[in-house]
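Encoded as structure tokens, the structure appears first; notes follow it.
Naming convention: chains lettered A, B, ... in sequence-line order (proteins, then strands); numbering from 1 in each chain. It should be emphasised that the depicted structure is a prediction, and the values quoted were computed from it without experimental measurement.
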Amino acid sequence: MRPAVVVTGISGNLGRALAKQLHRHERIIGIDRRPFVGKPKDIEMHQLDLRKKKAEDVFRHGDIKAVIHMGIMHDPRMSPEEHHSFNVIGTTRLLDYCARYGVERLVMLSSANVYGPSPDNSNFLSEDAPLMAASRFSGVRDLIEVDMLAHGFFWRQPSVATVILRPVHIVGPTIKNAPSNYLRLKYPWALAGFDPMVQLIHVDDVARALIEALRPEPKGVYNVVGPGEVPLSGIFRELGRTALPVPHPLARPLLKRLFKYRLATFPVEELDHVQFLCAVDGSRWAQDTGWKPRCSMRETIRSVLGE
Amino acid sequence: MLERLGDDVVRGLKRWTEAMVGGPLDEKMAALRRSENEYGVDPFGFNLDYALAAIAPLLWLYKHYHRVEVFGLEKVPKGQVLLVSNHSGQLPMDAAMIGVALLTQATPPRAIRSMVEKWVPSLPYVSTFMARVGQIVGTPENCRRLLAAGEAILVFPEGAKGIAKLWSQRYQLQDFGLGFMRLALETKTPVVPIAVVGAEEQAPALVNLGPVARLLGFPAFPLTPTGLPVPLPTKYRIYFGDPLFFTGRADDEDAELDKKVRVVKGAIQAMLENGRRERKHVFW
């Protein structure tokens, strides 16, 4: 049998989009706690937790050449302990298996959110900018830790070519992350007087980027940018919505209560993303791989509507 | 509703600008539109239509209130350049007037980028306004990126100490930051010194209320006789000096950089004194 590509977190929206693109070219082994609905027949699926011993068997028995790791969760409602354990211990184990079972290449999905929105940010952050997100939003602490674990592994373990992708806000018809949910709101809020430049990328483009990262050239950390940047107000205009401008000293305490009583799905810290800049420079990725997103800005924005 | 109202206001103001400049601007400004995407903004959030609308009231002030006279505008070289000016007046009218001069008087027109304080992005409305008219937070990365794109960048090395100058400190250049010189050396960018005469008298401040400033998170809180920093109709004279070229190491010791910075400071001080000698009165 051909050497396989292990994909963690394959049952999520992005995982399924990736699997659909990749399974025609590579043998895929999927690992996820959730069942893979609508799994193509040629994908070998293991429904298990990365932290369990059984996950090691997948590596021990299969001939694995590459790993795409996106089995990382971000759910503000989950208990912080479980959250942290799943992400950090899961990733630590996975890195260990990669080193021990001769995996040649590891592609890790991180996020441009690790830099964090802030009024001090440069308009375009490059890969060496400090990861400041947790200074204002402790809920993203383990996403940063996971990114740094992989970064450390990149230096420590030269036998495994490690690529860390930090894509901008991922949106798509079935994606349920904060930016997609926010743009799908019928009556969204905006912060009065703030209209930051926002970068979005279509889920299919992220899947393509992850596959691109399996090629031999890319190495190290990359920001991945979609079709460019647009003011938040421009996005709402494209979607035919009008955001309700709420003064920011009012919006914060209000959203805090709403979140507490489960009337809103956004933790208050997410407001930083509609107030301040967190845009990145994707030129290194474009240079090393000749990257061009396939979805236009219009398609990317409208994708949240399921078009 | 609000959006349509906003669009109408932008169109109306843009027509006012065109009336004052005397003719349609779209053709003249075509080159400035190059980097715009389908949503009308460049990657930094600059929007030419918005900028042309926003300058209408400033252009009126330029022509009829401060009656700006510009000298040596042709000395600004093409492509990347650092414009270094004195800073004063409590409100950054000096930046606005330099910007209007370069956008409406220079051929070809130039949309300058100035480096704004880091607290600007945390101010509602001001942050959006600044971004749409092309003003950027003053980080070294932003400056490098814009210079590489061939932009003209306006720097006030006096910073907040300059704009908050008291009446007794007028035309006394405060300490210059060294950051602009490091960038000029690193990116081999010519430096054009600028002296703005007239802005230093526009809003005489008597005291700076430090504790109030700290309370509000402002860099300074100068108090003028009226309480508000409303500019008086002083006559502006803006002098552009010959471009200065510097060579050397960008990571040199501060003392070495300071020598070069003093050359720029000296050029501005000389133009300031010359300008004050030439004028007959603060108001005309």
### Query
Taking atom CZ of F124(A) and atom CD of E141(B), what is their separation to the nearest 0.5 Å?
12.5 Å

### Query
Looking only at atom types and distance, does a side-chain atom of S122(A) sit under 3.5 Å from a main-chain N or O of T139(B), one as donor and one as acceptor?
no

### Region of D42(B) in contact with chain A, defined by heavy-atom distances below 4.5 Å
backbone

### Task
Taking the side chain as every heavy atom from C-beta outward, state whether S127(B) and F276(A) have any atom pair closer than 4.5 Å.
no

### Task
Could you tell me if the ring centre of Y125(B) sits under 6.0 Å from that of F194(A)?
no

### Query
Looking at A192(A), G234(A), S118(A), which makes the most heavy-atom pairs under 4.5 Å with chain B?
A192(A)

### Query
Which atom pair, heavy atoms only, marks the closest approach of P43(B) to M197(A)?
O-CE, 3.8 Å

### Query
Can you name the nearest heavy-atom pair linking N123(A) to N142(B), along with the distance?
N-OD1, 2.8 Å

### Query
Taking everything shown except M132(A) itself, do over 12 heavy atoms lie less than 6.0 Å from its CE?
no

#### Entry: Residue F44(B) versus chain A: region with a heavy atom under 4.5 Å
both

### Query
Is the CZ atom of R215(A) crowded by more than 12 outside heavy atoms at less than 6.0 Å?
yes

#### Entry: Max heavy-atom pair count under 4.5 Å with chain B, selected residue of L191(A), D120(A), N121(A), L125(A)
D120(A)

### Query
Quick one: CZ on R144(B) to OG on S126(A), what's the gap to the nearest 0.5 Å?
9.5 Å

### Summary
Of all heavy-atom pairs linking Y39(B) and E238(A), the shortest is OH-OE1, 2.6 Å

#### Entry: Non-hydrogen atoms of P121(B) and P119(A) that approach each other most closely
CG-O, 3.3 Å

### Message
For N37(B), which atoms come within 4.5 Å of any heavy atom of chain A: side chain, backbone, both, or neither?
### Response
side chain

#### Entry: L232(A) versus chain B, the contacting section by heavy-atom distance below 4.5 Å
neither

### Query
What is the distance from atom CD of E38(B) to atom CZ of R298(A), rounded to the nearest 0.5 Å?
5.0 Å

### Task
Decide yes or no for P231(A) and R132(B): does some side-chain heavy atom of the first lie under 4.5 Å from some side-chain heavy atom of the second?
yes

